[in-house]
Each structure stands twice: as structure tokens, then as C-alpha cells.
Q: 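After the C-alpha cells below, expect a handful of questions from me.
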Protein chains: 2
Amino acid sequence: MNMSASTQLLKAQQLRITDMRIKVLDLFLSHQEALSQNDLENSLGEADRITLYRTLRTFEESGLIHKAIDGTDKQKYALCKHTQCKPNQHFDHHAHFHCDDCGKTTCVEEIAAPILSPPPGFSISKTHLVIHGTCSNCQVAS
Amino acid sequence: MNMSASTQLLKAQQLRITDMRIKVLDLFLSHQEALSQNDLENSLGEADRITLYRTLRTFEESGLIHKAIDGTDKQKYALCKHTQCKPNQHFDHHAHFHCDDCGKTTCVEEIAAPILSPPPGFSISKTHLVIHGTCSNCQVAS
DNA sequence: TATTTTTTGAAACATTGTTGCAATTAAAAC
DNA sequence: GTTTTAATTGCAACAATGTTTCAAAAAATA
Ligand SMILES: [Mn+2]
Ligand SMILES: [Mn+2]
Ligand SMILES: [Zn+2]
Ligand SMILES: [Zn+2]
């Protein structure tokens with residue numbers, strides 16, 4: 001029995017194998033950039049919006065995907081590349097690049113979010129580094 | 001004739017002085033933390049939602065306020081403290097702190113967003129530094 | 001005060017977030 | 001392989017937010 005990559009990932013997180021989860025995970029596996037709920041809906045066709053919403057929440061809680069914060073009003077998600085990511089404990093500390101031109105958001109593994117000393121009285125749980133600009137794709141095209 | 005601070009700011013940006021604009025600007029002037037559209041609606045009472053939306057857009061374009069990116073799905077705005085901020089050209093490079101506890105987002109002028117060299121083929125227009133954690137207010141309370 | 005130009009408010013529509021609940025399905029037990 | 005159990009789905013329903021259009025109202029200017 002030939003287990004696909006997505007099935008394996010779901011198994012590893014002890015998540016039930018369902019059509020929606022496989023499809024969504026396949027989409028993440030086959031895309032370089034972070035995907036919004038809308039991106040996914042378009043690719044999925046007639047899938048249920050609410051189920052997709054819950055799938056994303058489940059994946060994020062499981063440590064399969066993480067939010068790619070890019071300063072837009074749309075939530076985007078990308079695959080966690082670190083297998084250490086566990087339920088409600090992510091280890092993705094890389095920057096996210098958002099192209100002002102094409103609107104795509106990508107993980108930049110080479111650039112890490114800075115580690116900061118908190119101002120007095122504050123404590124820091126996580127930092128996000130968001131970069132805006134033009135991606136290499138759009139650079140050529142302009 | 002006694003011009004209020006908000007009136008002066010509007011004048012300086014060559015914006016028409018209207019009730020909504022004065023009220024909204026007054027709210028920003030009297031609040032330390034970044035405000036969401038919802039925060040403002042609550043404070044304004046019976047104000048028109050659409051007008052508020054457009055007021056915020058106008059203020060941002062004028063350089064009066066800037067988005068306080070905090071990784072939540074809600075857009076928040078804060079007053080630009082740098083008078084250099086011009087229409088569609090902001091000079092706010094500070095970090096934003098988001099408290100996981102109370103949900104408030106504040107500008108951290110003391111911490112600057114890092115200046116990065118772009119990956120090959122990319123160009124950078126702006127970087128945002130988002131810090132999550134617990135604010136001094138919530139720290140004591142816990 | 002009259003004229004011009006901008007802003008407002010209402011309607012209308014789209015997108016996204018979120019819960020409750022019954023029907024369906026996956027995994028586990030037999 | 002069938003039955004049981006437990007999780008997931010799909011739908012209805014609602015809230016919040018984003019966004020445009022257009023006529024009425026208001027602000028700046030003459
Ligand atoms: Mn990422
Ligand atoms: Mn700020
Ligand atoms: Zn691009
Ligand atoms: Zn707090």
C-alpha cells in the first residue's frame with residue numbers, strides 16, 4: 001500500500017485521513033508560496049468553505065502549517081519545514097516576504113527573525129519579521 | 001480662534017476639517033495603543049461605518065496614521081509620530097508589540113525594524129517587526 | 001452669499017471568521 | 001468484514017470587515 005506524502009504527514013500528526021485534509025496538504029506541498037483560504041478554495045473547486053477553515057485551524061494547531069504574517073488583511077499559511085513543530089508549538093522563526101506587485105507571500109528561510117531583549121516589564125513569546133518589496137519574478141517583468 | 005491639535009494636523013495635510021476626521025484624530029491622539037476600526041466604532045458611538053473606513057484610508061494615505069501590523073486578522077492603526085511622514089510615504093520603522101493577553105498593540109519606538117540586504121533578484125521597500133508576548137500591564141495582573 | 005469641490009451616508013454586495021448541530025465517515029473493536 | 005465509537009463534515013446562521021456607487025450634505029473658495 002503506497003502512502004502518499006500527505007497521508008504520511010497526517011499519520012505522523014495522528015490526524016484522521018480525510019479527503020479534504022489530503023487535498024489541502026497536497027496543495028501546500030505543491031506550492032512554493034503561502035496560501036490564503038481563498039487561494040485554496042479556488043484550487044479545490046467545490047469544497048466546503050467551513051470545512052476548509054477548520055482544516056486550516058487543525059493543521060496550524062498540529063504544527064503542519066504556520067501563519068505567514070505579511071501585513072495584509074488576509075491570513076496566509078505555509079507548510080512548516082521544521083519537523084520539530086508540534087501541536088501549538090511552532091519553531092518557524094524565518095522572515096516572510098510579501099511582494100507588493102503580485103501579492104504573493106513566501107517564506108524566507110535564510111533570514112531569521114531577530115531575538116530581542118524585551119522592554120522592562122514585558123515578556124516576548126515570538127517575533128515576526130515581515131519584508132515588503134518586489135519579488136524576483138515581478139522584478140524582471142516590470 | 002482656538003485651533004485644536006487635530007484641526008492643525010488636518011490643516012497641515014491639506015485635508016478638509018470634518019466632524020468625523022476631528023473625532024477620529026482626537027481618539028488617536030488620546031490613545032497610547034493602536035486602534036482597530038472596531039475600537040474606533042465603539043468609541044464613536046453612532047458614527048457611520050463606511051465613513052470611518054474611508055477616513056482611515058485617507059489618514060493613512062496622508063501620512064497621519066500607519067498600519068500597526070501585529071499578525072492578527074484585524075487591521076490596526078496608530079498615529080505617525082514622525083512629522084516627515086508624507087502622502088504614501090511613511091517613515092515609521094519601529095516595531096509593534098502585540099500582547100497575547102489583552103490583545104492591545106503598541107508602537108515600540110525604541111526598537112527599529114532591521115535593515116536587510118535583499119535576496120538576489122528581490123528588492124525591499126519596507127520591513128516590519130512584530131513582537132508577540134505579554135505587556136507590562138498584563139504581566140502584573142497574572 | 002453663491003459656487004465649486006469634497007465628503008458623507010445609505011444601499012448593496014463580497015469575503016472572511018465563527019459556532020451549533022445533525023448526518024456522514026474514519027478508525028477501532030469485535 | 002461488520003459493528004461500534006468517536007471525529008469530521010456540511011449546512012444554516014450570524015458577525016465583522018472590506019469595498020464601490022451615487023445622490024445628498026457639507027466645506028472651502030470666490
Ligand atoms: Mn513561513
Ligand atoms: Mn507604530
Ligand atoms: Zn511578485
Ligand atoms: Zn496586555
Side-chain angles (χ1 to χ4, degrees), chain A residues 1 3-4 6-27 34-62 64-65 67-77 87 103 105, chain B residues 1 3-4 6-26 34-62 64-65 67-77 87 98 103 105:
Chain A
M1 177 203 181
M3 268 217 283
S4 68
S6 42
T7 306
Q8 284 184 329
L9 278 171
L10 289 172
K11 276 250 156 98
Q13 306 290 335
Q14 300 185 281
L15 292 173
R16 294 202 170 185
I17 320 293
T18 70
D19 283 359
M20 173 69 86
R21 287 175 180 174
I22 291 176
K23 281 183 194 160
V24 172
L25 214 37
D26 279 347
L27 283 171
L35 300 172
S36 67
Q37 178 148 350
N38 191 252
D39 294 335
L40 293 163
E41 273 179 56
N42 289 141
S43 301
L44 286 169
E46 27 54 57
D48 184 68
R49 191 177 72 85
I50 291 94
T51 305
L52 172 58
Y53 164 75
R54 277 186 289 220
T55 299
L56 291 174
R57 196 167 53 179
T58 302
F59 281 6
E60 199 202 353
E61 283 168 1
S62 307
L64 280 175
I65 62 178
K67 281 200 184 93
I69 292 176
D70 70 356
T72 67
D73 48 2
K74 287 178 208 304
Q75 298 276 20
K76 290 177 190 165
Y77 297 91
T105 302
Chain B
M1 178 203 181
M3 270 216 283
S4 70
S6 42
T7 305
Q8 284 185 328
L9 279 171
L10 290 172
K11 276 250 156 101
Q13 305 292 335
Q14 299 187 284
L15 291 173
R16 291 199 173 188
I17 320 293
T18 71
D19 282 0
M20 173 70 84
R21 288 175 180 173
I22 291 177
K23 280 182 194 160
V24 172
L25 213 38
D26 279 347
L35 301 171
S36 67
Q37 177 149 351
N38 191 251
D39 294 335
L40 292 164
E41 274 180 56
N42 290 141
S43 301
L44 286 170
E46 28 50 60
D48 185 67
R49 191 176 71 85
I50 291 95
T51 304
L52 173 57
Y53 163 75
R54 277 186 291 220
T55 299
L56 291 174
R57 196 167 53 179
T58 302
F59 281 5
E60 199 202 352
E61 285 168 359
S62 309
L64 278 175
I65 62 177
K67 280 201 184 94
I69 292 176
D70 70 356
T72 68
D73 48 2
K74 288 179 208 302
Q75 299 276 18
K76 290 177 190 164
Y77 297 90
H98 177 257
T105 301

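Below, chain A is the first sequence line, B the second, and so on; all start at residue 1. All values below were derived from every heavy atom in this structure, side-chain atoms included, with hydrogens, water molecules and symmetry-related copies excluded.
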Q: On DNA chain D, nearest-nucleotide positions of B:S36 versus A:T58: which is more 5'?
A: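 Nearest-nucleotide comparison on DNA chain D picks A:T58.
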
Q: Nearest-Å distance, CZ (B:R16) to P (D:dA27)?
A: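 For the pair B:R16 CZ and D:dA27 P, the rounded distance is 9 Å.
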
Q: Between B:T58 and B:R21, is there a side-chain heavy-atom distance shorter than 4.5 Å?
A: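 With C-beta onward as the side chain, the pair touches.
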
Q: Among residues at least two apart in sequence or on other chains, which ones pass side-chain contact (heavy atoms from CB on, under 4.5 Å) with A:L52?
A: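 Partners of A:L52 under the side-chain contact (heavy atoms from CB on, under 4.5 Å) test: A:M20, A:V24, A:Q37, A:L40, A:E41, A:L44, A:L56.
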
Q: Would you say the side chains of B:N38 and B:S36 form a donor-acceptor pair under 3.5 Å?
A: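 Their side chains do not contain a donor-acceptor pair, so the 3.5 Å distance test is not met.
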
Q: By the 4.0 Å heavy-atom rule, please label B:T18 as base, sugar-phosphate, or nothing.
A: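 It contacts sugar-phosphate atoms only.
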
Q: From C:dT18, C:dA12, D:dT17, pick the nucleotide closest to the side chain of A:Y53?
A: C:dT18

Q: Could a donor-acceptor pair under 3.5 angstrom be found where the side chain of A:R54 meets the base of C:dG17?
A: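 No, the side chain and the base share no sub-3.5 Å donor-acceptor pair.
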
Q: Answer with base, sugar-phosphate or nothing: what part of the nucleic acid does B:D19 contact at a heavy-atom distance below 4.0 Å?
A: nothing

Q: Phosphate oxygens OP1/OP2 of C:dT15: is one of them under 4.0 Å from a side-chain N or O of A:Q37?
A: no

Q: Under 4.0 Å between a side-chain N/O of A:K74 and OP1 or OP2 of C:dT16, yes or no?
A: yes

Q: Please confirm whether any donor atom in the side chain of A:R49 sits under 3.5 Å from an acceptor in the base of C:dG17, or the reverse.
A: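 Yes.
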
Q: Identify which nucleotide among C:dA27, C:dT18, C:dG9 has an atom closest to any side-chain atom of A:I17, counting heavy atoms from C-beta outward.
A: C:dA27

Q: Does B:R21 contact C:dT7 through a side-chain donor or acceptor facing the base, at a distance under 3.5 Å?
A: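 No such pair is found, so the answer is no.
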
